[in-house]
Colleague: 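One structure, as structure tokens, below. Some questions next.
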Amino acid sequence: MSKYTVERRVHEKDIGLPPLPNAEKGKVIMRFAPNPNGPPTLGSARGIIINGEYCKMYDGKYIIRFDDTDPKTKRPMLEAYDWYLEDIEWLGYEPDEIIYASKRIPLYYDYAKKLIELGKAYACFCKKEEFKKFRDSGVPCPHRDSEVEVNLDVWEKMLEGLYREGEVVLRIKTDMSHKDPAVRDWVAFRIIYTPHPLVGDAYFVYPTLDFESAIEDKLCQTTHILRGKDLRDSELRQRYIYEYLGWKYPITMHWGRVNVVEFGKLSTSLIKKEIESGKYNGWDDPRLPTIRALRRRGITAEAIRKFYLSLGLSESEVNVSLKNLFAENRKIIDPKANRYFFVANPVEIEIEGLPEERTVEIPLNPNSNEKRILKGERFVYVSLDDFERLKGENVRLKDFCNIILDKKAKFVSYELSMAKKGKNIIHWLPKSFTMKCRVIGESVFEGLVEKGVERELGKVVQFERFGFCRIEKIEEEVVAIYTHD
RNA sequence: GCUCCGGUGGUGUAGCCCGGUCAAACAUAGGGGCCUCUCGAGCCCCUGCCCCGGGUUCAAAUCCCGGCCGGAGCACCA
């Protein structure tokens, strides 16, 4: 496996991820911890890729942990668990372990009890708004000083279901005068009677993310936590637990907020709403920034990977354009994508004076010797755009002949030299060799395509002078998803 | 309001910790040229940046202070 080491080194240099602090080869343990309340998005991909890449780089252990401990406000979707696993694999990473927090709830109860016994956690009956006042003013609430026995008793009763939702919570004792209000006596457990999509009504006392995550990171012996800046304060909160239990907190790094200009601020819950309202046709609607939508469009995993590696671990918040992703993708697909003629909004023309029908051979791809064959015949289609723009002018039907463009076009010659180099060369289709084709992008294009695309099902091709598209369906008509130009 | 974190060409990233080699590099975008029977690719050239103000220093993108701007946290969300 020494070859592997060499490859990695080259790889590392290539992508330029900085070395991880305190990382030892073979001893790194990292995790990506999503809540599966929808499929992974372009945003989730950053966590998947950065963590996954470092694990590869250091021969580390990669854990996927579903932080699914709120069946109500951030309700997980049953299908989304597998969607995550699928997309992670598609992006090129193999998890070494998969953890479902909702299946490990009793584990968290043990630590809760321990913390109560240590006097570091207490049952609090304050209403939300009441506690907010205490927190904002830095004053301890009346329950903070309850005896350990009382807290234990209330905790037991919570677990027995003797309280209503919202009546009582378990808080971690931190420091009510901590200068950052966000860390003051935070909630570790609350009561939720809504059944959980994965574990049903097995539990109704659920840990908050901060508690669950703190415990899990210890149990999994996570060495490095890499996540978005939005979870920065989690560290401050969780460190209290680590201190009380005598644990060592992992090394953390945080990246800034990513705003993809073309998508704006589309949260998973907002997308869900817009799918329900019918604005989008599903989670893989090509207009959406989900990984499955991008895949359907023909964006490669490699492009997404490079896109995020180029962002690195900067803590500044960024406004990036999809153009960068597309540029990466184009570099990858361009050498491989076969070329075809797609004529949008076809206009039929007749070439008057055509001396003979000719078979024209066109390279399938600029870098290959393989050819596709079109018949140069009297009746052909050109796109409405070209027709209107160039009507009356001398144009060349690419690889076929020169004509004066019109409904009744005049044949000029076959000579390439007659065409102005690089100018007025348009694509076309013989009337006898077409299939209907619909291209779905920002808008829908109806047109005709070469019959030869039949061999490209599932692949990304380039419709010359139009753009890259992924051939999704071939039935009576071809359905293609627009990738980018 | 309180707390934390950022601010390098149009957009990102590197450099900042350990001041000089940075009159600042790379990518992308934009402009121009070459090549090509694609509005794609490739090749070449060009445009363009250290938020502001003080301070420390022989020397500051880099250290200190103060502003300004942006973002995040302050949920019984993750």
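Order of the sequence lines sets the chain letters (A, B, ...), proteins ahead of strands, with each chain counted from 1. As the structure is a prediction and not an experimental result, all values here were calculated from the model.
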Colleague: Can the ring centres of Phe189(A) and Phe211(A) be said to be less than 6.0 Å apart?
Modeller: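 Centroid distance Phe189(A)-Phe211(A): below 6.0 Å, so yes.
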Colleague: What's the gap between G67(B) and A23(B) when it is taken at their P atoms, as a whole Å value?
Modeller: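 Here G67(B) and A23(B) have their P atoms 31 Å from each other.
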Colleague: Just the rounded figure in Å: distance from P of C74(B) to CD1 of Ile172(A).
Modeller: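 So the CD1-P distance, Ile172(A) to C74(B), works out to 17 Å.
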Colleague: For Asn424(A) and U38(B), what is the distance between atoms CG and C1' respectively, to the nearest whole Å?
Modeller: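 Taking CG of Asn424(A) and C1' of U38(B), I get 13 Å after rounding.
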Colleague: Give Leu311(A) one of three labels, base, sugar-phosphate or nothing, depending on what nucleic acid heavy atoms sit under 4.0 Å from its own.
Modeller: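 Sugar-phosphate contact only.
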Colleague: Using whole Å, report how far CG of Asn319(A) lies from C1' of A72(B).
Modeller: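 Distance, rounded to whole Å: 15 Å.
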Colleague: Both distances under 3.5 Å, Watson-Crick or G-U wobble: report the partner of C34(B), or none.
Modeller: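 Per the H-bond distance test, G42(B).
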Colleague: How far, in whole Å, is C64(B) from C16(B) if one measures between their C1' atoms?
Modeller: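 Per the computed distance, 14 Å lies between those C1' atoms.
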Colleague: Expressed in angstrom and rounded to an integer, what is the separation of Tyr81(A) atom OH from A78(B) atom P?
Modeller: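 The answer, rounded to whole Å, is 12 Å.
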Colleague: Return the pairing partner of G19(B) with a 3.5 Å limit on both distances, Watson-Crick or G-U wobble; otherwise return none.
Modeller: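 Looking at the geometry, G19(B) pairs with no nucleotide.
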Colleague: State whether the side chain of Asp485(A) and the backbone N or O of Gly467(A) hold a donor-acceptor pair below 3.5 Å, judged by distance alone.
Modeller: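 Here the side-chain-to-backbone pair does not exist.
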Colleague: Between A25(B) and G9(B), how far is it from one C1' atom to the other, in whole Å?
Modeller: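 Taking atom C1' in both A25(B) and G9(B), they lie 12 Å apart.
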Colleague: When the P atoms of C5(B) and C63(B) are compared, how many Å lie between them, rounded to an integer?
Modeller: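 The same atom, P, in both gives a distance of 14 Å.
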Colleague: Among Glu456(A), Arg372(A), Glu450(A), which one satisfies side chain to side chain donor-acceptor pair (under 3.5 Å) with Tyr340(A)?
Modeller: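 The side chain to side chain donor-acceptor pair (under 3.5 Å) with Tyr340(A) is passed solely by Glu456(A) among Glu456(A), Arg372(A), Glu450(A).
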Colleague: Could you tell me how far apart Lys336(A) (NZ) and G40(B) (C1') are, to the nearest whole angstrom?
Modeller: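 Interatomic distance, NZ of Lys336(A) to C1' of G40(B): 16 Å.
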Colleague: Under 4.0 Å, heavy atoms only, any strand: does Cys401(A) hit a base, just the sugar-phosphate, or nothing?
Modeller: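 The residue Cys401(A) makes no contact with any strand.
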Colleague: Output the single nucleotide from C37(B), A41(B), U13(B) whose closest atom is nearest the side chain of Val318(A).
Modeller: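 Nearest to the side chain of Val318(A) among the choices is U13(B).
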Colleague: What contact category does Gly256(A) fall into here, base, sugar-phosphate, or nothing, at under 4.0 angstrom with non-hydrogen atoms?
Modeller: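 No contact.
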Colleague: Of the options G71(B), C4(B), G40(B), whose atoms approach the side-chain atoms of Lys179(A) most closely?
Modeller: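 Looking only at heavy atoms from C-beta outward on Lys179(A), the closest nucleotide is C4(B).
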Colleague: Parallel, tilted or perpendicular for Tyr206(A) and His196(A), by the 30°/60° rule?
Modeller: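 Answer is parallel, since the angle falls under 30°.
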Colleague: Contact class for Ile426(A) (heavy atom, under 4.0 Å): base, sugar-phosphate, or nothing?
Modeller: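 Nothing, no nucleic acid heavy atom in range.
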Colleague: Quick one: which of C5(B), A78(B), C74(B) gets closest to the side chain of Lys229(A)?
Modeller: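 So the nucleotide nearest the side chain must be C5(B).
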Colleague: Out of the candidates Glu302(A), His484(A), Lys306(A), Arg297(A), only one should pair with Asn329(A) under the side chain to side chain donor-acceptor pair (under 3.5 Å) rule; please name it.
Modeller: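 Result: among Glu302(A), His484(A), Lys306(A), Arg297(A), His484(A) is the only option passing the side chain to side chain donor-acceptor pair (under 3.5 Å) with Asn329(A).
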Colleague: I'd like the P distance from A14(B) over to G48(B), given in whole Å.
Modeller: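 It comes out at 24 Å once rounded to the nearest Å.
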Colleague: Within less than 4.0 Å of OP1 or OP2 of A41(B), is there a side-chain N or O belonging to Arg330(A)?
Modeller: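 So the side chain of Arg330(A) is within the cut-off, an N or O lying under 4.0 Å from OP1 or OP2 of A41(B).
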Colleague: To the nearest Å, give me how far apart CZ (Arg372(A)) and P (C37(B)) are.
Modeller: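 Result: 14 Å.
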Colleague: With a non-hydrogen cut-off below 4.0 angstrom, is Asp185(A) in contact with a base, only sugar-phosphate, or nothing?
Modeller: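 The answer is nothing, as Asp185(A) stays clear of every strand by at least 4.0 Å.
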Colleague: Answer yes or no: does a side-chain N or O of Ser314(A) lie under 4.0 Å from OP1 or OP2 of U13(B)?
Modeller: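 The answer is yes; a side-chain N or O of Ser314(A) sits under 4.0 Å from OP1 or OP2.
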Colleague: For C63(B), which nucleotide in any strand shown is its Watson-Crick or wobble partner with both distances under 3.5 Å?
Modeller: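 When the pairing criteria are applied, G55(B) turns out to be the nucleotide that pairs with C63(B).
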Colleague: Hey, is the side chain of Ser310(A) poking within less than 4.0 Å of OP1 or OP2 on U28(B), counting only N and O atoms?
Modeller: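 No, no such contact exists.
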Colleague: So what does Phe468(A) touch, heavy atoms closer than 4.0 Å: a base, only the sugar-phosphate, or nothing?
Modeller: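 Touches sugar-phosphate only.
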Colleague: Distance under 6.0 Å and angle within 45° of the ring axis: does Arg184(A) meet both against Phe134(A)?
Modeller: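 So Arg184(A) doesn't make the cation-pi contact.
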Colleague: Which is true for Gln462(A) with a 4.0 Å heavy-atom rule: it touches a base, it touches only sugar-phosphate, or it touches nothing?
Modeller: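 The residue Gln462(A) makes base contact.
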Colleague: Measure from CZ on Arg227(A) to P on G73(B) and round the result to the nearest Å.
Modeller: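 For the pair Arg227(A) CZ and G73(B) P, the rounded distance is 13 Å.
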Colleague: Roughly, in whole Å, what's the span from CD in Glu450(A) to P in U38(B)?
Modeller: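 Taking CD of Glu450(A) and P of U38(B), I get 15 Å after rounding.
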Colleague: Let me spell it out: for each of Asp70(A) and Asn367(A), pick the nucleotide of RNA chain B with the closest heavy atom. Which residue's pick is nearer the 5' end?
Modeller: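 First, find each residue's nearest nucleotide; the 5'-ward one identifies Asn367(A).
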Colleague: Answer yes or no: side-chain N or O of Arg396(A) and base N or O of C37(B) forming a donor-acceptor pair under 3.5 Å.
Modeller: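 Checked by distance alone, the answer is yes.
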Colleague: Applying a 4.0 Å non-hydrogen cut-off, can you work out what Ser234(A) is touching in the nucleic acid: base, sugar-phosphate, or nothing?
Modeller: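 Here Ser234(A) touches no strand at all.
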Colleague: C1' atom, C69(B) versus A27(B): distance in rounded Å?
Modeller: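 Roughly 26 Å separates the two C1' atoms.
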Colleague: Please identify which of these residues, Arg171(A), His178(A), Arg144(A), meets the side chain to side chain donor-acceptor pair (under 3.5 Å) condition with Asp185(A).
Modeller: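 Running side chain to side chain donor-acceptor pair (under 3.5 Å) over Arg171(A), His178(A), Arg144(A) with Asp185(A) returns exactly one hit, Arg144(A).
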Colleague: Between G20(B) and U28(B), how far is it from one P atom to the other, in whole Å?
Modeller: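 That atom pair is separated by 29 Å.
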Colleague: Do the side-chain N or O atoms of Arg339(A) get closer than 4.0 angstrom to the phosphate oxygens (OP1, OP2) of C37(B)?
Modeller: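 For Arg339(A), the contact criterion (side-chain N or O under 4.0 Å from OP1 or OP2 of C37(B)) is not met.
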Colleague: Reckon Thr208(A) touches a base, only the sugar-phosphate, or nothing at all at heavy-atom distances under 4.0 Å?
Modeller: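 The answer is sugar-phosphate, as Thr208(A) gets under 4.0 Å only of primed atoms, P, OP1 or OP2.
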Colleague: Select base, sugar-phosphate, or nothing to describe what Val187(A) touches, counting heavy atoms under 4.0 Å on all strands.
Modeller: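 Since only primed, P, OP1 and OP2 atoms lie under 4.0 Å of Val187(A), the category is sugar-phosphate.
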Colleague: Please compare Gly312(A) and Phe131(A) by the position of their nearest nucleotide in RNA chain B and report the one closer to 5'.
Modeller: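 Going by which nucleotide is closer to the 5' end, it is Gly312(A).
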Colleague: Is it the case that Glu235(A) and Tyr249(A) place a side-chain donor and acceptor less than 3.5 Å from each other?
Modeller: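 Note: Glu235(A) and Tyr249(A) side chains miss the donor-acceptor criterion.
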Colleague: Among U38(B), G73(B), U28(B), which is the nearest nucleotide to the side chain of Asn324(A)?
Modeller: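 Between U38(B), G73(B), U28(B), the one nearest the side chain of Asn324(A) would be U28(B).
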Colleague: Answer with yes or no after comparing the ring centroid distance for His143(A) and Tyr122(A) against a 6.0 Å cut-off, counting only values under it.
Modeller: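 When the ring centroids of His143(A) and Tyr122(A) are compared, they turn out to be at least 6.0 Å apart.
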Colleague: Test for a donor-acceptor pair under 3.5 Å between the base of C37(B) and the side chain of Lys398(A), counting only N and O atoms.
Modeller: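 Absent.
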Colleague: State the pairing partner of A78(B); accept Watson-Crick or G-U wobble contacts with both distances under 3.5 Å, and report none otherwise.
Modeller: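 Pair assignment: A78(B) / none.
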Colleague: Considering only heavy atoms and no angle criterion, is a donor-acceptor pair shorter than 3.5 Å present between the side chain of Glu317(A) and the base of G70(B)?
Modeller: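 Answer yes: a donor N or O sits under 3.5 Å from an acceptor.
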Colleague: Hey, does Lys331(A) reach any base, or is it just sugar-phosphate, or nothing, if we go heavy atoms under 4.0 Å?
Modeller: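 Here Lys331(A) touches the backbone only, sparing every base.
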Colleague: Expressed in whole Å, how much space separates the P atoms belonging to G54(B) and C18(B)?
Modeller: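 Result for the P pair: 26 Å, nearest Å.
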Colleague: Would you indicate what Lys323(A) reaches in the nucleic acid, counting non-hydrogen atoms under 4.0 angstrom: base, sugar-phosphate, or nothing?
Modeller: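 Lys323(A): no heavy atom of the nucleic acid under 4.0 Å.
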Colleague: Strictly by Watson-Crick or wobble contacts shorter than 3.5 Å, is anything paired with C69(B), and which nucleotide is it?
Modeller: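 Base-paired to G6(B).
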